[in-house]
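Side chains are part of it too, since the values below use all heavy atoms of this structure and drop only hydrogens, waters and symmetry mates.
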Amino acid sequence: MRSPQLQSAIQEVYAEFRGAKPRTIEGCPCCTDPREVCRLLAKDLRELAAKDLSNYAASLFLTMGDERDFQYFLPRLLDIATAEDWWPSPPVLLEKLKLAHWSTWPEQRRAIVKRVIDVWYAECLDAERSDGSDIDDLLCGIARADLALDEYLDALAKRPEELQAFFDLHAHAYFKRGRLGDSFWKDHPVGELAVLDFLNTPVVQERLGL
């Protein structure tokens with residue numbers, strides 16, 4: 001269950017990105033189902049379910065969609081992604097921010113989206129889990145959105161159990177190849193290097209008993 005802080009952050013995104021519904025969604029004619037587009041445009045934004053938006057969110061900027069309609073759907077995409085396990089996972093979804101050139105957006109708009117990411121990550125660190133996969137997915141998504149990882153890694157370093165769970169996911173690849181073990185990290189070498197540098201610091205090495 002989301003905290004009031006995360007719910008508030010999501011509502012700020014809805015308010016900031018409110019605008020007219022797109023009249024069309026452009027897509028590759030071989031890959032885009034017109035019936036799917038009709039479903040997306042027939043419903044009010046907040047009524048769109050995870051299944052309605054899953055293919056659009058995964059295909060965005062590849063075979064369908066553009067920055068205009070992405071900004072319209074973004075509040076609902078974040079709403080769904082922060083509330084339930086969903087495809088696309090955070091590494092795929094948050095990379096859409098980079099593909100939408102969000103670094104060029106107005107500062108307030110960018111700050112409001114980042115607040116969702118920050119609160120989402122803080123709650124991910126606090127959530128009960130059996131492994132570190134949720135942290136790993138979100139941290140990788142943050143990297144693929146082209147956000148600097150320093151503040152997020154610093155927060156992870158202060159959480160011994162979560163740090164250990166995160167490391168355990170990658171331990172085999174780390175010891176065998178000096179890499180992280182998830183393919184999404186391999187596709188983002190800058191982010192992977194930042195995490196490896198973090199894991200190799202004396203403080204983190206000591207906390208991990210390496």
Is R144 positioned over the aromatic face of F184, cation under 6.0 angstrom from the ring centre and no more than 45 degrees off axis?
no

Quick one: do E151 and K114 make a salt bridge, cutoff under 4.0 Å?
yes

Give a yes or no on whether a salt bridge exists between R115 and D118, defined as a side-chain N under 4.0 angstrom from a carboxylate O.
no

Minimum side-chain heavy-atom gap [X]-[Y] below 4.5 Å:
X    : Y    : result
L153 : L139 : yes
F198 : L163 : yes
L97  : I117 : yes
D79  : R76  : yes
D69  : T24  : no

Restricting to side-chain hydrogen bond (donor to acceptor under 3.5 Å, both in side chains), what partner residues turn up for D126, sequence neighbours left out?
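Residues passing side-chain hydrogen bond (donor to acceptor under 3.5 Å, both in side chains) with D126: R159.
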
Derivation and outcome, side-chain contact (heavy atoms from CB on, under 4.5 Å), residues V195 and H188
CA-CA 11 Å; V195 174; H188 196 282; over 6 Å; no

Distance-only side-chain donor-acceptor flag, [X] / [Y], under 3.5 Å:
X    : Y    : result
W102 : D146 : no
Q71  : E67  : yes
T82  : R2   : yes

Applying side-chain contact (heavy atoms from CB on, under 4.5 Å), run through F73 and I25 and close with a yes or a no.
CA-CA 11 Å; F73 289 116; I25 298 175; 3.7 Å; yes

F17 vs V113, test: side-chain contact (heavy atoms from CB on, under 4.5 Å). Steps then yes/no.
CA-CA 10 Å; F17 286 82; V113 174; 3.7 Å; yes

Which pair of heavy atoms, one from [X] and one from [Y], lies closest together, and at what distance?
X    : Y    : result
A165 : G132 : CB-N, 3.6 Å
L94  : A145 : O-CB, 3.4 Å
L169 : D136 : CD1-CB, 3.7 Å

Do side-chain atoms of K98 reach the backbone of S103 as a donor and acceptor pair under 3.5 angstrom?
no

Donor-acceptor pair, K21 side chain versus Y72 backbone, under 3.5 Å?
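Checked: no pair found.
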
Determine whether L77 and W86 satisfy the following criterion, side-chain contact (heavy atoms from CB on, under 4.5 Å), listing intermediate values before the conclusion.
CA-CA 10 Å; L77 297 174; W86 184 51; 3.7 Å; yes

So how far is it from L156 CG to Q164 CD, rounded to the nearest 0.5 Å?
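CD of Q164 is found 10.5 Å from CG of L156.
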
Reported CD-to-CD1 distance for the pair E16 and I112, which is rounded to 0.5 angstrom
4.0 Å

Enclosure of E84 CD (heavy-atom neighbours >12, cutoff 6.0 Å):
yes

Please verify the inter-ring angle class for F175 with F167; under 30° counts as parallel, over 60° as perpendicular, anything in between as tilted.
perpendicular

Does anything in residues 191-207 pair up under side chain to side chain donor-acceptor pair (under 3.5 Å), and if so which pairs, sequence neighbours excluded?
Y174-N200, Y174-Q205, R179-E192

